[in-house]
Number of protein chains: 2
Amino acid sequence: MINTNEFSNILKDMGYKLTEPRKVVFDVLSQSRMTHMNASDVLKRAKEIKPDIGAATVYRVLALFEKLDLVYSLDLDDGCSRYELRRSFDGHRHHHLICESCGKVMELKEDLLEKLEIEIEKTKGFVVKDHRVKIYGTCKKCRKNPGML
Amino acid sequence: MINTNEFSNILKDMGYKLTEPRKVVFDVLSQSRMTHMNASDVLKRAKEIKPDIGAATVYRVLALFEKLDLVYSLDLDDGCSRYELRRSFDGHRHHHLICESCGKVMELKEDLLEKLEIEIEKTKGFVVKDHRVKIYGTCKKCRKNPGML
DNA sequence: ATTCATGCAAATCGTTTGCAACCCA
DNA sequence: TGGGTTGCAAACGATTTGCATGAAT
C-alpha cells in the first residue's frame, strides 16, 4: 500500500501542490477501516481533522487522486461514487462481490479476464485497457440467516 | 425479443395496469434503433408519440420495467442510467465493450464467468446470482483513426 | 366505483462551478 | 510573488416525491 511519502512525491512529480486538504483526504482514505467510502463519508472524516474543509474540495481532491491513479472509483448502484486507494501500480484491478441481502462488499483478487481479452482483440479488433466486474449474490452469513433483512 | 402481447400479459399478470405511457415507453424501447438509451432519450422519443407524457412518468415506468425484469439498467459512467430491453428470460445477461475514444458501446454475447462462479461459491460460500462486466479500451475504428477525437 | 397511474411542479441528492480569498512553491 | 487551491454559495442535472386529476379495471 502506498505511504505518505510516496504520496507526496507523486503529487510533486506531477506538478501539484502538497496542500492540507490533499494530505487530510489521503490520510482519511489510507487510515480508515471503512472501505469503499463515498465522498460524504470522506468529508465527514476529513472534517474531524480539518473542520473547515469544504465539500467541493473533497470532490476536487478525489477527482485529482483518480486522475493520478492514486485512487479508483467504484459504482455500487447506490447513486454515488465510492473510492478506494490503489494497492499497487501493477495495473491490475481487483473486483467486487456485492451481497444483495446485506450490502456487504467483498473483494476478489483473481485476475479474471486475461484469456478473454486476447480473444476480444483477435475477433473484434478492440484493444482492452481495463475491465470492471461486479458480481451480485448472497454472502455466506446471509445464506445462514435468511431472516436478517 | 419480447413482443407487445407478451409485454401486456406480463403487466397484467403482475397486477399492473396497461396504460398509454407504459405502452409508449415499451414501443420506444423496442422500436428504436438507438441502444442503451437514457431516460431523457426515452422521454424525447416518447413525447413524439404522446406529447403530454411527463418525465416523472418515464422514470416511474422504467423503474417498473426494471423491477419486472423487462428491462435492465446499465451504467456507462456518464452520470445517468441507461436502459435496455431484455432479449430473453434465461437469466443470462450480456456484457459491454466501451470505447474510451469514441464512446461507442458494443455488446459481448459470451457467458464469461461460469467457471469462476463455481469457484467463488466453493471458496467463499457466496452464491452468485448475477454479474456485470464492463470492458474498456479502444475500438477498431479508433485504432485506425487515432486523430478522430 | 375504486384503485392505481399520471402530469405537473417542487423538492432532493450528488456533484460541479464561479469567484474572491488564501497558501504553497 | 503568483498561480494553483480553497471555501463558500449558487448552479446543475438526474431522479424522486406530493398531490390533485384522470384513466383502467
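This is a predicted model, so every value here is computed, not measured.
Contact check for A:His96 versus A:Glu107: side-chain heavy atoms found under the 4.5 Å cut-off. The shortest distance between side-chain heavy atoms of A:Val127 and A:Ile120 does not fall below 4.5 Å. Residues A:Tyr83 and A:Leu74 have side chains not in contact (no heavy-atom distance under 4.5 Å, counting atoms from C-beta outward). Put simply, the side chain of B:Ile135 reaches to within 4.5 Å of the side chain of B:Leu108, judged on heavy atoms.
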Between B:Arg82 and B:Asp75, does the salt bridge (charged side-chain N to carboxylate O under 4.0 Å, His left out) criterion hold? Intermediate values first, please. CA-CA 6 Å; B:Arg82 293 173 176 277; B:Asp75 169 46; over 6 Å; no
Check the pair A:Leu68, A:Met14 against side-chain contact (heavy atoms from CB on, under 4.5 Å), reporting the backbone distance first and the verdict last. CA-CA 8 Å; A:Leu68 298 179; A:Met14 302 297 283; 3.8 Å; yes
Check the pair A:Tyr136 / B:Phe126 against ring pair (Phe, Tyr, Trp, His ring centres under 6.0 Å), numbers first and verdict last. CA-CA 9 Å; A:Tyr136 297 86; B:Phe126 184 99; 9.2 Å; no
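Taking atom CG on B:Leu62 and atom P on D:dA14, their separation rounds to 14 Å, with Å as the unit. The CE-P distance, from A:Met37 to C:dT15, rounds to 14 Å in whole Å. In this structure, NZ of A:Lys67 is placed 12 Å from C1' of D:dG4, rounded to the nearest angstrom. One atom, CG of A:Leu43, and another, P of D:dC8, lie 10 Å apart when rounded to the nearest Å. When the C1' atom of D:dG3 is taken as reference, atom OH of A:Tyr16 falls 14 Å away, rounded to whole Å. As rounded to whole Å, 17 Å separates atom P of D:dG4 from atom CG of A:Leu18. The separation between A:Glu66 atom CD and C:dT16 atom P is 10 Å, rounded to whole Å. Summarising the geometry, the separation between CD on B:Glu20 and P on D:dT25 is reported as 11 Å, rounded to the nearest angstrom.
For B:Asp52, the salt bridge (Lys or Arg N to Asp or Glu O under 4.0 Å) partners two or more places apart in sequence, or in a different chain, are B:Lys50.
A salt bridge does not link B:Arg45 with B:Glu48: every distance from a Lys NZ or Arg NE/NH1/NH2 to an Asp or Glu carboxylate oxygen is 4.0 Å or more.
Contact annotation for A:Arg22: backbone-only contact, meaning every heavy-atom pair under 4.0 Å involves sugar-phosphate atoms and none involves a base. In this structure, A:Thr57 reaches the bases: a heavy-atom distance under 4.0 Å links it to at least one base atom across the strands shown. Residue A:Ala39 is in sugar-phosphate contact alone, with no base atom involved, counting any heavy-atom pair closer than 4.0 Å across all strands shown. Residue A:Ser81 is in sugar-phosphate contact alone, with no base atom involved, counting any heavy-atom pair closer than 4.0 Å across all strands shown.
Between A:Thr19 and D:dT6, a side-chain N or O to OP1/OP2 separation shorter than 4.0 Å is present.
Classified by interplanar angle (parallel below 30°, tilted 30° to 60°, perpendicular above 60°), the ring pair A:Phe7/A:Phe26 is parallel.
Contacts with DNA chain D (heavy atom under 4.0 Å) in residues 72-80 of chain A: none are found. For residues 46-53 of chain B, proximity to DNA chain D is found at no residue, defined as any non-hydrogen atom under 4.0 angstrom from a strand atom.
Looking at the side chain of B:Ala56, the nearest of the listed nucleotides D:dG7, D:dT17, C:dT6 is D:dT17.
Taking 3.5 Å as the limit, the base of D:dG4 and the side chain of A:Arg60 contain no donor-acceptor pair of atoms between them.
Mapping B:Tyr59 and B:Lys17 onto DNA chain D by nearest heavy atom places B:Tyr59 at the nucleotide closer to the 5' end.
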